[in-house]
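What you are looking at is a predicted structure, and each value in this text was computed from that prediction instead of being measured.
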Amino acid sequence: QVQLVESGGGLVQPGGSLRLSCVASGVALEYYDIGWFRQAPGKEREGVSCIRQRYGTTWYAESVKGRFTISRDDAKNTVYLQMNSLVPEDTADYYCGTGGCASYSGSYYYTGQFGSWGQGTQVTVSS
């Protein structure tokens, strides 16, 4: 059974940084694409980033490109989301999940289809 646990959220001032971690148990993450999505109060779920198994191909939402970086350490069974230059609009609960993206004809794109996901970690960007 796949279990994912997110951590690293918190309160940060605009312009600050956080690194979120997604640790898996019950499964070897190296065999999965892993995605991050977020949900703010009263808003729809929004895809943030994905990283492909084996090849490490990445996808980012336009709203976070150039500010967020996804990476994986398969030896630690962990995927990270480094978030820099945070803005209040980044305030949300952040979740990691298996899947989320797909590859087709040389493109890697967001599908929003996750197999399993964790309980989330809260990120608040405020002065």
Side-chain angles (χ1 to χ4, degrees):
Q1 184 177 355
V2 178
Q3 288 190 320
L4 302 172
V5 177
E6 304 91 340
S7 63
L11 172 64
V12 63
Q13 292 186 341
S17 299
L18 286 173
R19 188 176 80 157
L20 305 184
S21 298
C22 172
V23 180
S25 60
V27 66
L29 279 189
E30 64 181 307
Y31 299 116
Y32 291 86
D33 291 11
I34 299 296
W36 287 92
F37 62 92
R38 65 188 181 186
Q39 188 157 25
K43 293 188 177 181
E44 292 188 357
R45 188 171 79 175
E46 177 189 14
V48 175
S49 182
C50 295
I51 187 164
R52 190 179 177 192
Q53 60 159 315
R54 185 190 296 184
Y55 301 105
T57 310
T58 57
W59 171 86
Y60 295 96
E62 286 296 325
S63 59
V64 307
K65 272 185 182 178
R67 300 188 298 121
F68 290 12
T69 303
I70 191 170
S71 61
R72 62 193 303 156
D73 186 338
D74 291 334
K76 294 183 178 180
N77 229 22
T78 301
V79 171
Y80 303 99
L81 185 68
Q82 178 68 44
M83 307 189 298
N84 298 329
S85 302
L86 285 161
V87 297
E89 292 73 24
D90 294 319
T91 296
D93 292 328
Y94 284 71
Y95 302 83
C96 67
T98 56
C101 285
S103 176
Y104 180 76
S105 192
S107 296
Y108 191 57
Y109 57 94
Y110 183 68
T111 64
Q113 297 177 350
F114 292 89
S116 301
W117 54 93
Q119 295 298 308
T121 185
Q122 188 175 59
V123 172
T124 302
V125 184
S126 175
S127 55

Any donor-acceptor pair under 3.5 Å from [X] side chain to [Y] backbone:
X: E6; Y: T121; result: no
X: T78; Y: D73; result: no
X: R45; Y: G112; result: yes
X: S21; Y: Y80; result: no

(request) For the residue pair R38 and S63, establish whether any side-chain heavy-atom pair is separated by less than 4.5 Å. (result) yes
(message) Could you check whether any side-chain heavy atom of Y55 comes within less than 4.5 Å of a side-chain heavy atom of Y108, counting everything from C-beta outward?
(response) no
What closest approach, in Å, do [X] and [Y] show between heavy atoms, and which atom pair accounts for it?
X: A61; Y: G47; result: CB-O, 3.3 Å
X: P14; Y: S127; result: CD-N, 3.7 Å
X: E30; Y: Q53; result: O-CB, 3.4 Å
X: S85; Y: D90; result: O-OD2, 4.4 Å
X: C50; Y: G99; result: SG-O, 4.3 Å

(message) Side-chain heavy atoms under 4.5 Å apart, restricted to Ile/Leu/Val/Met/Phe/Trp/Tyr: what other residues fall into the cluster of I34, or is it alone?
(response) V2, L4, V12, L18, L20, V27, L29, Y31, Y32, W36, V48, I51, Y60, V64, F68, I70, V79, L81, M83, L86, Y94, V123, V125
(request) Measure the acute angle between the ring planes of Y110 and W59, then classify it against the limits of 30° and 60° as parallel, tilted or perpendicular. (result) parallel
Roughly how far, to the nearest 0.5 Å, is [atom2] of [Y] from [atom1] of [X]?
X: Q3; Y: Q119; atom1: CD; atom2: CD; value: 9.5 Å
X: D93; Y: T124; atom1: CG; atom2: OG1; value: 8.0 Å
X: N77; Y: R72; atom1: CG; atom2: CZ; value: 9.0 Å
X: F37; Y: C96; atom1: CZ; atom2: SG; value: 8.5 Å

